There are 2 protein chains.
Amino acid sequence: MALHDRIRTEIEGQILSGTLQPGDKVPSELELMAHYGCSRMTVSKALTALSGAGLLQRRKRAGTVVAPRPTETMVLDVPDLAVEIARRGQAYRFQLIGRDIRPPRPEDELDEGLARAGLLLFVRGVHSADDEPIAYEERFISLTAVPEITEADFSVESPGSWLLRHIPWTEAENRIGAVGAHPDWAARLNIAPGTACLSIERKTWRGDERITLVRQKFVAGSFELVARFGAA
Amino acid sequence: MALHDRIRTEIEGQILSGTLQPGDKVPSELELMAHYGCSRMTVSKALTALSGAGLLQRRKRAGTVVAPRPTETMVLDVPDLAVEIARRGQAYRFQLIGRDIRPPRPEDELDEGLARAGLLLFVRGVHSADDEPIAYEERFISLTAVPEITEADFSVESPGSWLLRHIPWTEAENRIGAVGAHPDWAARLNIAPGTACLSIERKTWRGDERITLVRQKFVAGSFELVARFGAA
DNA sequence: CCGGTTATAATGTATAGACATATATTGCGC
DNA sequence: GCGCAATATATGTCTATACATTATAACCGG
């Protein structure tokens, strides 16, 4: 392991193990370079990395301190459904229910960004694995931002996959909750209204431009999000 | 803005905007240092940062290429419930239902790590906001790893908050799903059995040592997880 | 044409030094 | 004492250089 990596790992270990508490001062670069017998750049690289990871806070003249334990933050993988289902060894299918080009309506409960985006492509469909419905999806796509999507064929590929391949987003926001199945779409999932579903609403942007809003309902038990955080 | 920051931002922008596609080759450090008229270290710093963020892949001799678009990965904040509810301006309370020291049982459906951890502290309780129940929680804590928790007073503080303050974890795994309320605890939340709930199961480790497993059920609509990813 | 060896091009790591910048501390004048 | 200016300290940025490492590419013998 490289020296700067070793330094980083050692300090990281002291923080994660609690030996160094939030607010505690970390030795200055000069002290560390004496301790490890290396140049300042090497120490600096280690500390800068930890600072970037949010474990340390560095201020000129004041020195380096352990960052306050943040709101527990973990990395959440939001997989492409088609890929995820294929990985389980099941046959993925997206079944289009409806496709509509129209202006936003009040009952869509859109956010400001999309409500003022002009014409929208509104797509509804069901994701299924081995012909078992897994999730119902409603999606609004700004035609101002993505005019070329009118040519996409959603009987082959889900709108999500299409967007993922064609329009990189730069910013996204997910809201994750639970909800009882609504009569309007419960039948699409072969479940009784009121059955528990995992609800995911995602908005994406490219720069300042709103791209899409999607609301997905997963039958309880059919799908789980897994978030993992930690070393290694 | 520092030069290495500018370089990083410019390349990042080209990736996020799609100008540079996954697999595309990024100019070599030599070319970039000619382009920006700076030293190699400066270019390297920018590229190393982007590599650390997962946007680039660097290989000796082969050069630097744009990383394949990963499974969409976003940062998920898992707030301390007490803090989160306080932020909403509501009064947080944890009501202890039961507290038990006993060995693991098969019906606990624990993972290997905890099942073999020896004695466990088993705690059940309800989180409430303004005396409205929000979440039901079952938690198993390894007494081997955290013997001092027997002295904690959970009528004052939830086990989660106590652990957060006393035992830093180094690794954690969350599973997020939806589930219909089980009769055993539906009444605790003042809801009918079968009502949709958001289910979170979290395991934490400190090093190789299993610390705790917690299962929380949130009444649908009372709580949402928000994950945000992007620049700035 | 195949397979192994060698050369080479890229990144990886590290050094020593210079100057810039922000800020906590000190001390001075009042 | 109080407020402002000077000073010292720690980090931030950057350069120029050196050598290490590694995967690709080129070469060459059989």
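In what follows, every chain begins at residue 1, and chains take the letters A, B, ... in the order their sequences are listed. Here the structure is a predicted model, which means the values were calculated and not measured.
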Item to complete: Test A:Leu143 against A:Leu120 for side-chain contact (heavy atoms from CB on, under 4.5 Å), laying out the working first.
Response: CA-CA 5 Å; A:Leu143 284 176; A:Leu120 302 175; 5.9 Å; no
Worksheet item: Checking side-chain hydrogen bond (donor to acceptor under 3.5 Å, both in side chains) for the pair B:His127/B:Glu137: CA distance, chi angles, key distance, verdict?
Response: CA-CA 8 Å; B:His127 302 268; B:Glu137 161 173 334; 2.5 Å; yes
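Using modelled atom types and a 3.5 Å distance limit, the side chains of B:Gln90 and B:Tyr92 yield no donor-acceptor pair. With hydrogens and angles left out, the side-chain atoms of B:Ser161 and B:Ser158 include a donor and acceptor closer than 3.5 Å.
Taking the salt bridge (Lys or Arg N to Asp or Glu O under 4.0 Å) definition, one finds that A:Arg8 meets it with A:Asp5, A:Glu12, sequence neighbours left out. Listed by chain and residue number, B:Arg6, B:Tyr36 satisfy the side chain to side chain donor-acceptor pair (under 3.5 Å) test with B:Glu10 (two or more places apart in sequence, or in another chain).
At the heavy-atom level, B:Leu47 lies nowhere under 4.0 Å from the strands shown.
Taking atom CE of A:Met1 as the reference point, atom C1' of D:dT21 lies 17 Å away to the nearest angstrom. Distance CG (A:Leu32) to C1' (D:dT11): 13 Å, rounded to an integer number of Å. B:Tyr36 places its OH atom 16 Å from the C1' atom of D:dC14, with the value rounded to the nearest Å. Going from atom CZ of B:Arg6 over to atom P of D:dT13 covers 15 Å, rounded to whole Å. Atoms CE (B:Met33) and P (D:dA16) sit 8 Å apart, rounded to a whole Å. As rounded to whole Å, 16 Å separates atom C1' of D:dG12 from atom NZ of A:Lys45. If you take CG of B:Leu3 and P of D:dT13, they are 11 Å apart, rounded to a whole angstrom. A:Arg40 has its CZ atom 8 Å from the P atom of D:dG12, to the nearest Å.
Rounded to 10 degrees, the angle separating the terminal axes of the helix from C:dC1-D:dG30 to C:dC30-D:dG1 is 0°, with each axis obtained from five end pairs.
Using a cutoff of 4.0 Å between basic side-chain nitrogens and carboxylate oxygens, A:Arg88 and A:Glu84 are not scored as salt-bridged. A salt bridge links A:Glu157 with A:Arg165; the closest basic N to acidic carboxylate O contact falls under 4.0 Å. Between A:Arg93 and A:Asp130, no side-chain nitrogen of the basic residue sits less than 4.0 Å from a carboxylate oxygen of the acidic one, so the salt-bridge criterion is not met. Ion pair A:Arg58/A:Glu29 flagged as a salt bridge, since at least one NZ, NE, NH1 or NH2 atom sits closer than 4.0 Å to an Asp/Glu carboxylate oxygen.
Residues from residues 24-31 of chain B that place a heavy atom under 4.0 Å from any atom of DNA chain C, listed by number: B:Ser28, B:Glu29. Residues from residues 55-65 of chain B that place a heavy atom under 4.0 Å from any atom of DNA chain C, listed by number: B:Arg58, B:Arg59, B:Lys60, B:Arg61, B:Gly63, B:Thr64.
Atom-to-atom distance recorded for A:Ile85:CD1 and A:Phe223:CZ is 8.0 Å, nearest 0.5 angstrom.
Heavy-atom contacts of chain B under 4.0 Å fall on DNA chain C between two terminal nucleotides, which in 5' to 3' order are C:dT8 to C:dA14.
Within the 3.5 Å criterion, the main-chain N or O of B:Gly18 finds a donor-acceptor partner in the side chain of B:Gln21.
Shown here is A:Asp153, whose CG atom has more than 12 heavy atoms of other residues, nucleotides or ligands within 6.0 Å. B:His35 NE2: 12 or fewer foreign heavy atoms inside a 6.0 Å radius.
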